[in-house]
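Here is the structure we will look at, set down as structure tokens.
Computation of the quantities below employed the complete heavy-atom set of this structure, encompassing side-chain atoms and omitting hydrogens, waters and symmetry-equivalent molecules. Every value quoted in this text rests on a predicted model; they were computed, and no experiment measured them. Sequence lines set the chain letters: A, B, ... in the order given, protein chains first and strands last, and positions in each chain run from 1.
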Amino acid sequence: MDSSIVISVNKLVKKFGNFVANDNLTFEVGSGEIFGFLGANGAGKTTAIRILCGLLEPTSGDIIVAGFNGYTQRDKIKANIGYMSQKFSLYEDLTVWENIRLFAGIYGVSRKLIQERANLLIENLGLEDYRNRPVADLPLGWKQKLAFSVAMIHKPTIIFLDEPTGGVDPITRRRFWEMIYEAADAGTTVFVTTHYMDEAEYCNRISIMVDGKIVALDTPSALKAEYNAESMDEVFVKLARNSQRV
Amino acid sequence: MKRSNNSIWGFIRKEFFHIFRDKKTLLLIFGLPVAQLLLFGFVVTNEIKDAKIAVFDQSKDYLSLQLVNKLVSSGYFILSDNLSNASQIDEVLKAGKAQLVVSIQPNFAAEFQKQGVASVQLNADASEPNTASILTAYASAIISDFAAENSGMPQQTLVSVQSRMLYNPDLKSVFMFVPGTMALILMLITAMMTSISIAREKEMGTMEVLLVSPLKPWQIVLGKVFPYIGLGFANALLIIILGYFVFMLPMRGSMVLLLLVTLLFIILALSLGILISTVSKTQQVAMFLSMFALLLPTILLSGFIFPIENMPVPLQWLSLIMPPRWFISALKTIMIKGEGLAFVYKEILVMLGMTIAFLSLSIKKFKIRL
């Protein structure tokens with residue numbers, strides 16, 4: 001296997017009783033890649049992410065995430081990935097510094113390194129004045145950026161972003177994507193789900209899920225050419241229209 | 001290993017921050033026990049002390065005066081009125097000037113000495129039935145006592161009943177309310193607070209982040225409940241101290257045993273709280289579940305206020321599965337009767353069993369959720 005592949009999924013199936021949430025998914029994600037994971041609500045995205053994050057055990061298929069087996073080494077997977085969800089996921093009543101220390105501590109970052117990285121992070125985000133203030137005082141855009149930085153505090157191989165820009169204004173979204181690019185440039189693989197099709201264009205490659213299956217997987221420009229569409233929006237609608245579950 | 005220890009301590013520290021930064025909750029946690037205990041101790045009481053009585057003495061001889069004196073000097077009654085005619089009986093009761101009226105027949109002393117029989121009538125205000133029956137019982141007891149003393153003859157009845165109220169000779173209701181309040185408060189603080197705080201993490205989305213982290217589910221749960229063990233324990237101490245110094249509750253048994261039983265009950269309440277949180281998605285649901293599943297049964301079915309022996313049999317069975325029942329019973333045995341382990345081992349075993357049952361059920365639920 002190519003050493004630059006960090007996520008390798010082969011014939012992944014996940015069933016809940018008779019319901020097939022993930023039907024024979026096969027894909028690979030390379031190191032430093034920004035991989036867009038698209039699909040309408042109920043298409044099975046969340047289930048797939050939970051499996052990739054080590055939260056769920058697959059029914060069948062081969063899964064390797066960050067070099068670890070998706071059945072037997074789920075704890076190792078957890079330690080080597082970062083995760084940020086659509087819900088804002090820091091503790092509002094803790095200060096910026098306390099949030100950083102808590103999550104870095106949970107991921108086993110040493111005390112000395114926590115100090116160093118926290119200082120750097122606070123400096124980069126320009127949050128010096130907020131260091132000892134509760135996160136609740138921060139404007140939403142900053143909270144989101146802070147949440148992203150905190151999810152990256154242990155320098156994970158892969159970061160999973162589950163609709164990270166939901167409910168955020170366009171300017172903040174743009175800045176957020178700048179941070180995603182920086183992370184990818186530094187070698188972190190970014191696995192992102194989104195409902196914004198303009199964001200899909202920012203990804204290196206995207207997969208589109210319909211009814212538990214991956215129906216398209218390529219670069220945005222190749223997909224637009226294949227489906228004869230002007231934008232990703234058009235591609236998505238053409239594919240998702242045939243869904244049986246919606 | 002060291003790494004996982006570090007992360008769990010950080011997690012526990014964070015939980016303390018949550019608690020201590022939420023001033024309202026903190027006030028609730030420590031203000032509530034004091035308020036409840038004082039309320040139950042002073043307000044909710046079924047003891048008779050200084051009940052107002054009126055006397056309609058139609059005889060006014062030396063013997064009837066002695067009887068009235070005996071009633072008043074018992075400490076249970078104070079004389080509020082001397083009535084001069086029968087129509088006033090109704091008046092004073094209706095006006096609430098007296099809760100009980102003692103009417104003594106004319107020629108009381110003469111009849112009593114000549115025939116050995118004289119009559120006294122008791123009229124009580126039964127709009128409060130419990131009080132009325134207790135008042136008449138107390139008054140009758142004093143009156144028959146008086147009759148026996150003054151009959152001059154050897155005791156007419158062959159069997160004389162002498163009752164002694166053991167362990168609580170003054171029949172202080174505080175002895176019941178302090179252990180009950182302790183059970184109530186510990187349930188409230190530990191079970192309700194943990195279930196709410198776990199539900200809060202779910203609601204805020206932070207639970208998801210924790211589950212994706214290398215923390216194991218049991219570490220998350222332990223981190224969430226650990227601070228509440230401490231808080232619950234501090235509360236239990238506060239209640240014991242208040243009970244001891246304010247209500248003169250005896251502490252006859254072993255303090256160590258008492259604290260151990262209390263700790264066990266706290267852990268039991270916590271495991272209930274965890275179970276509740278596994279089935280509730282939001283803080284509101286957790287709160288209502290705690291209210292209905294914990295508070296009401298604690299008050300109604302644990303023997304806290306209503307004696308279990310007086311309940312219909314099915315409810316008595318139901319009370320067997322109420323955790324506070326066993327805790328209250330153990331508390332009373334240790335504090336008031338001063339007994340040791342040999343007399344509370346059953347309670348301890350039952351509570352242990354319940355804890356294990358609730359915990360394994362929660363673990364099962366927790367896994368299904370994942």
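Neither the backbone nor the side chain of I77(A) has a heavy atom closer than 4.5 Å to any heavy atom of chain B. Only the side chain of R101(A) comes within contact range of chain B, with at least one heavy atom under 4.5 Å from a heavy atom of that chain.
Contact count versus chain B (heavy atoms, under 4.5 Å) is highest, among L102(A), I81(A), N99(A), for L102(A). When each of E201(B), K216(B), R13(B), M207(B) is checked for heavy-atom pairs under 4.5 Å with chain A, R13(B) comes out on top. Listed options N80(A), L94(A), D75(A) were ranked by heavy-atom pairs under 4.5 angstrom with chain B; first place goes to L94(A).
With a 6.0 Å radius and a threshold of 12 heavy atoms from other residues, nucleotides or ligands, F288(B) has its CZ atom at or below the threshold. Around atom OH of Y244(B), no more than 12 heavy atoms belonging to other residues, nucleotides or ligands sit under 6.0 Å away. When the shell of 6.0 Å around CZ of R175(A) is examined, it contains 12 or fewer heavy atoms from other residues, nucleotides or ligands. Residue M287(B) qualifies as open at atom CE: its count of foreign heavy atoms under 6.0 Å is 12 or below. Residue F233(B) places its CZ atom among more than 12 non-hydrogen atoms of other residues, nucleotides or ligands, all under 6.0 Å distant. In the displayed structure, I171(A) atom CD1 is contacted under 6.0 Å by at most 12 heavy atoms of other residues, nucleotides or ligands. Applying the 6.0 Å contact sphere to CD of E178(A) captures more than 12 heavy atoms from other residues, nucleotides or ligands.
For the ring pair (Phe, Tyr, Trp, His ring centres under 6.0 Å) test, no residue two or more places apart in sequence or in another chain qualifies with F68(A).
When all heavy atoms of Y107(A) and P214(B) are compared, the closest pair comes out as CE2-CD, 3.3 Å. Heavy-atom minimum distance, R21(B) versus T95(A): NH1-N, 4.0 Å. Of all non-hydrogen atoms in V212(B) and Y83(A), the two that sit nearest each other are CG1-CB, 3.5 Å.
If you take OG1 on T206(B) and CZ on F103(A), they are separated by 7.0 Å, rounding to the nearest 0.5 Å. For the atom pair I106(A) CD1 and K14(B) NZ, the distance stands at 7.5 Å (nearest 0.5 Å). Interatomic distance, E208(B) CD to L55(A) CG, rounded to the nearest 0.5 Å: 8.0 Å.
Under a 3.5 Å cut-off, the side chain of K78(A) and the backbone N or O of L215(B) do not form any donor-acceptor pair.
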